[in-house]
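Worksheet for the structure shown next.
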There are 2 protein chains.
Amino acid sequence: MPPANRTEKRKQQTRDHIIRIAVELFQHQGFQATTMDQIATEADIARKTLYNHFSVKEAIADAYVRDQSMALAKANRQILDRHPDTASRLLAALDKAYAWVETNPELARICLGYRMKNMWHGDGSENEETGTQGLMAEILRRGQKAGEIRTDIPIKLLLLQIDVLRGSIVMDWLRDRESFKLRREIARTVDLFLYGATGKKR
Amino acid sequence: MPPANRTEKRKQQTRDHIIRIAVELFQHQGFQATTMDQIATEADIARKTLYNHFSVKEAIADAYVRDQSMALAKANRQILDRHPDTASRLLAALDKAYAWVETNPELARICLGYRMKNMWHGDGSENEETGTQGLMAEILRRGQKAGEIRTDIPIKLLLLQIDVLRGSIVMDWLRDRESFKLRREIARTVDLFLYGATGKKR
DNA sequence: ATATATAATTACACAATGTATAATTATGTC
DNA sequence: GACATAATTATACATTGTGTAATTATATAT
């Protein structure tokens, strides 16, 4: 769905332009070392325009990651039909998601902190399902239909849980990439998510 | 364990003084409306001294909540022996914790966002178990000994999960205090934590 | 096509945040 | 009492984020 009128298109363009320039700077100098001033100058726009689009620096990283996530999720929707049950779908989806994180650890970290903070403060607009989250949500919905996932908990809360577990894996992995067996940790985490802290039947 | 030397004692004193003054201001004017400048002026110390103790405003709220949480947890350690199993202990502990949150919703919210953000960025020093977390950790350890809690997941990760679930309850409750049945939600959340997203046996 | 409304961008000013540096004061140690 | 250490302070500064009003580009109605 391309933007209807030219105004929207122009706005989109500056937005995309900002993201492109900013991410370039982030990757060259690091997120912390890049200032909003610098981004505005490099993008050749007024600082205020930059703030009109993104009120804080983290939001730029977040927007970028969302775009990436969107594309990724689109390519991974096949997971839904190629796997027989919720557990294997979650495993597959997480596996794909981490392949991306591995290539952008810093932005992934920034983004995670930003989202967690906004989860409690935000007006809800920032909490829209990103690509990967949308995929996860669909997996959970199918799981509910199949009777594999409980229906007395809002999907939103389940998604939050997955996000946090996902985040903790990323962080552990970033701390010590050598000894960390990513796939094993993912499997363990999915198990925790599905069967809880008891890990056994009631 | 009172501070050993006078230097430490003085430092503690200014720190406590800052917290006392700041929280007073927070409760009178709100957190957002209170500036670091104002806190420094009211506390009659240099702004830089304030920043030496707390590098961001949220850290003051966090320190206060930690102190409160410490006292609370101390008073609630009896829960460990007065309840027969992990589930009822968790329920009781969360129940007590929320009684406090109800009296300080704003600070609770600030603090939660701050911790969530720092969970991934922090150097670990801020992630020390607070009072309530310490109690939760003890509950989980006893649960592991009794075979009620799985041992293949680090306690730290389980605590994180509880924190997030706790947080989501608080937020939902803050959004709509009328229709929200706090006790029922707590029970549901504990169930989710213990038995996972499937909610049934494997 | 022209006038009018709307929305993005801009320039400017400002309050607040957070950091860096060096001087000053209080405390601990010899 | 002399020296080292650590907290506090004064000062200056870069950065962040917001508020206001002017300017430009686009959309819409006549």
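Naming convention: chains lettered A, B, ... in sequence-line order (proteins, then strands); numbering from 1 in each chain. Atom set for the values below is all heavy atoms of this structure, side chains included, hydrogens, waters and symmetry mates excluded.
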Counterpart residues, side-chain hydrogen bond (donor to acceptor under 3.5 Å, both in side chains), relative to B/Asp152 (two or more places apart):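 Checked B/Asp152 against side-chain hydrogen bond (donor to acceptor under 3.5 Å, both in side chains); matches are B/Arg150.
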Residues that B/Arg183 engages under salt bridge (Lys or Arg N to Asp or Glu O under 4.0 Å), provided they are two or more places apart: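 Salt bridge (Lys or Arg N to Asp or Glu O under 4.0 Å) check on B/Arg183 returns B/Asp95.
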Measure across A/Cys111 and A/Asp62 and return the closest heavy-atom pair with its distance rounded to 0.1 Å.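 What the structure gives for the nearest pair is SG-OD1, 3.0 Å.
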Let me know the distance between [atom1] of [X] and [atom2] of [N], rounded to the nearest Å.
X	N	atom1	atom2	value
A/Asp37	C/dC12	CG	C1'	14 Å
B/Ile18	D/dA7	CD1	P	13 Å
A/Lys9	D/dT26	NZ	P	10 Å
B/Glu58	C/dT17	CD	C1'	11 Å
B/Tyr51	C/dA16	OH	P	11 Å
B/Ile39	C/dG18	CD1	C1'	14 Å
B/Phe54	C/dT17	CZ	P	15 Å

side-chain contact (heavy atoms from CB on, under 4.5 Å) evaluation trace for A/Ile155 with A/Ile149: CA-CA 10 Å; A/Ile155 293 261; A/Ile149 298 293; over 6 Å; no
Interface with DNA chain C, restricted to residues 24-32 of chain B and to heavy atoms under 4.0 Å: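 None - not one residue of the stretch has a heavy atom sitting under 4.0 Å from the strand.
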Please list all pairs meeting ring pair (Phe, Tyr, Trp, His ring centres under 6.0 Å) that have one or both residues in residues 7-58 of chain B, counting only residues at least two apart or in different chains.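 Qualifying pairs: B/Phe26-B/Phe31.
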Stepwise salt bridge (Lys or Arg N to Asp or Glu O under 4.0 Å) test for A/Asp191 and A/Arg188: CA-CA 5 Å; A/Asp191 193 88; A/Arg188 190 185 286 177; over 6 Å; no
For A/Thr151 and A/Gln144, test the side chains for any donor-to-acceptor distance below 3.5 angstrom and give the result as yes or no.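 Not at all, the side chains of A/Thr151 and A/Gln144 share no donor-acceptor pair under 3.5 Å.
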Pull out every protein N or O sitting under 3.5 Å from an N or O of nucleotides 8-12 of chain D, one pair per line with the distance.
from, atom 1, to, atom 2, distance (Å)
D/dT8, OP1, B/Thr14, OG1, 2.8
D/dT8, OP2, B/His53, NE2, 2.9
D/dT9, OP2, B/Ala46, N, 3.0
D/dT9, OP2, B/Thr49, OG1, 2.5

Selection residues 68-87 of chain A - residue pairs positive for side-chain hydrogen bond (donor to acceptor under 3.5 Å, both in side chains), sequence neighbours left out: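 Applying side-chain hydrogen bond (donor to acceptor under 3.5 Å, both in side chains) to every pair that reaches into residues 68-87 of chain A, excluding sequence neighbours, yields A/Ser69-A/Thr130, A/Ser69-A/Thr132, A/Gln78-A/Arg82, A/Asp81-A/Arg142, A/Asp85-A/Ser88, A/Thr86-A/Glu148.
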